**Student:** 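What follows is a structure written as structure tokens; I'll ask about it next.
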Amino acid sequence: MISTYNSILKYLKNPLYVPQVDLPTIEKLKTVGHALVICFVFVFITAIPIYIIGATNLINLEEHANSQLLEKYSPMMVFFLAAIAAPIIEECIFRAPLYLFRKVKKNFKYIFYVFALIFGFIHISNYEITATSLILSPLLVAPQIVAGLVLGYTRVRLGLQYSILLHSLFNGLAILPSLLFV
């Protein structure tokens, strides 16, 4: 896992569109697993200040989009939306287009970072939009920005199907505890 972490960090310093075409499927799946752990570690690190913000009532975490989905839909439907539909749609919007910029070697990294940032900041819509949530948005969406960077790495290095898989696993495992206590 350390090698995956180092590979991702090295890549994020200077992202280029260079797929790892010769990597066996089992190695790609191991990389996805390691990337998943990296995403969750970052989520847990950022969860602490986010929950402190919620506990101080600066942000109403009960108004989070996941809570609203759980009120509106069955647990199976919420799981489908979070773990299947959203990853496919979001990967097609935010990671698939990276292929179009594969020949823009000098500026590819900026395009890569912009897609990751937009992906992250789109997720501020999961919260009630207030002046406070907008001010705190870099912290509130930090997990999604990091996930966007890791998903971008996965998409470029391993392929779109692997970024969809990683995204699905991440969302599915993240929403699962909420579904178990409905």
Side-chain angles (χ1 to χ4, degrees), residues 1-2 4-5 7-8 25-96 115-129 133 136-155 157-182:
M1 189 167 91
I2 298 295
T4 301
Y5 175 76
S7 179
I8 291 171
T25 302
I26 190 71
E27 290 303 315
K28 289 180 179 182
L29 291 172
K30 283 182 187 176
T31 301
V32 167
H34 294 158
L36 182 64
V37 170
I38 291 166
C39 287
F40 273 113
V41 166
F42 194 79
V43 164
F44 288 125
I45 291 168
T46 57
I48 296 166
I50 291 171
Y51 283 104
I52 290 170
I53 289 167
T56 59
N57 292 321
L58 287 171
I59 299 288
N60 184 356
L61 294 178
E62 291 182 19
E63 292 295 322
H64 193 274
N66 288 345
S67 301
Q68 294 173 351
L69 279 175
L70 288 167
E71 290 174 9
K72 210 173 193 179
Y73 299 106
S74 72
M76 288 303 291
M77 179 56 85
V78 171
F79 187 81
F80 171 79
L81 292 171
I84 309 294
I88 291 170
I89 293 166
E90 290 177 351
E91 291 306 303
C92 287
I93 293 170
F94 295 105
R95 255 64 69 186
F115 272 101
L117 286 170
I118 292 170
F119 172 76
F121 279 103
I122 286 291
H123 287 84
I124 195 63
S125 65
N126 288 340
Y127 298 91
E128 181 182 4
I129 304 298
S133 67
L136 295 172
S137 64
L139 174 63
L140 296 173
V141 300
Q144 288 87 359
I145 292 171
V146 170
L149 293 167
V150 174
L151 287 163
Y153 164 86
T154 305
R155 188 271 174 266
R157 301 295 281 164
L158 307 180
L160 184 63
Q161 68 273 31
Y162 291 96
S163 66
I164 292 171
L165 174 63
L166 174 57
H167 198 151
S168 291
L169 290 169
F170 181 79
N171 283 9
L173 291 171
I175 196 79
L176 196 58
S178 299
L179 298 176
L180 293 175
F181 299 107
V182 173

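What you see is a predicted model; the values in this text were computed from it and never measured.
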**Student:** If every non-hydrogen atom of Ala147 is compared with every non-hydrogen atom of Cys39, which pair is closest and at what distance?
**Tutor:** CA-SG, 4.1 Å
**Student:** Sequence neighbours excluded, which residues qualify as ring-ring contact (aromatic ring centres under 6.0 Å, His included) partners of Phe79?
**Tutor:** none
**Student:** Roughly how far, to the nearest 0.5 Å, is the CG atom of Leu139 from the CD1 atom of Ile53?
**Tutor:** 4.5 Å
**Student:** Does Glu128 have any salt bridge (Lys or Arg N to Asp or Glu O under 4.0 Å) partners at least two apart in sequence or in another chain, and if so, which?
**Tutor:** none
**Student:** Does the ring centre of Phe40 sit less than 6.0 Å away from the ring centre of Phe170?
**Tutor:** yes
**Student:** I want to check something: taking the side chain as every heavy atom from C-beta on, are Ile164 and Leu151 in contact at a cut-off of under 4.5 Å?
**Tutor:** no
**Student:** If you look at every heavy atom in Val141 and His123, which pair is closest and at what distance?
**Tutor:** CG1-C, 3.8 Å
**Student:** Among Asn171, Leu166, Leu165, which one satisfies side chain to side chain contact (heavy atoms under 4.5 Å, CB included) with Pro87?
**Tutor:** Asn171
**Student:** To the closest 0.5 Å, what do you measure between OG (Ser133) and CG (Asn126)?
**Tutor:** 11.0 Å
**Student:** Can Ser7 and Tyr153 be counted as having a side-chain donor-acceptor contact under 3.5 angstrom?
**Tutor:** yes
**Student:** With rounding to the nearest 0.5 angstrom, report the CG to OH distance, Leu169 to Tyr162.
**Tutor:** 12.5 Å
**Student:** Got a second to check how far Ile38's CD1 is from Thr31's OG1, nearest 0.5 Å?
**Tutor:** 9.5 Å
**Student:** Identify the two heavy atoms, one from Ala83 and one from Gly172, that lie closest to each other, and give their separation to 0.1 Å.
**Tutor:** CB-CA, 3.7 Å
**Student:** Dump the intermediate steps for side-chain contact (heavy atoms from CB on, under 4.5 Å) on Asn60 and Tyr127, then the final yes or no.
**Tutor:** CA-CA 8 Å; Asn60 184 356; Tyr127 298 91; over 6 Å; no
**Student:** What's the spacing between Leu149 CG and Leu117 CG if we round to 0.5 Å?
**Tutor:** 7.0 Å
**Student:** Could you state the interatomic distance from CD1 (Ile118) to CD1 (Ile122), rounded to the nearest 0.5 Å?
**Tutor:** 7.5 Å
**Student:** Can you see which heavy atom on Gln144 is nearest to which on Gly120, and at what distance?
**Tutor:** CB-CA, 3.8 Å
**Student:** Locate the shortest heavy-atom distance separating Ala35 from Thr154; write the atom from each residue and the value.
**Tutor:** CB-OG1, 4.4 Å
**Student:** For the residue pair Ile129 and Ile124, what are the closest heavy atoms and their distance?
**Tutor:** CD1-O, 3.4 Å
**Student:** Using modelled atom types only, decide if a donor and an acceptor are shared between the side chain of Arg155 and the backbone of Ser163 within a distance under 3.5 Å.
**Tutor:** no
**Student:** Going by the angle between their ring planes, with limits at 30° and 60°, are His167 and Phe119 parallel, tilted or perpendicular?
**Tutor:** perpendicular
**Student:** Suppose we screen for ring-ring contact (aromatic ring centres under 6.0 Å, His included). Which residues come up paired with His34, at least two apart in sequence or across chains?
**Tutor:** none
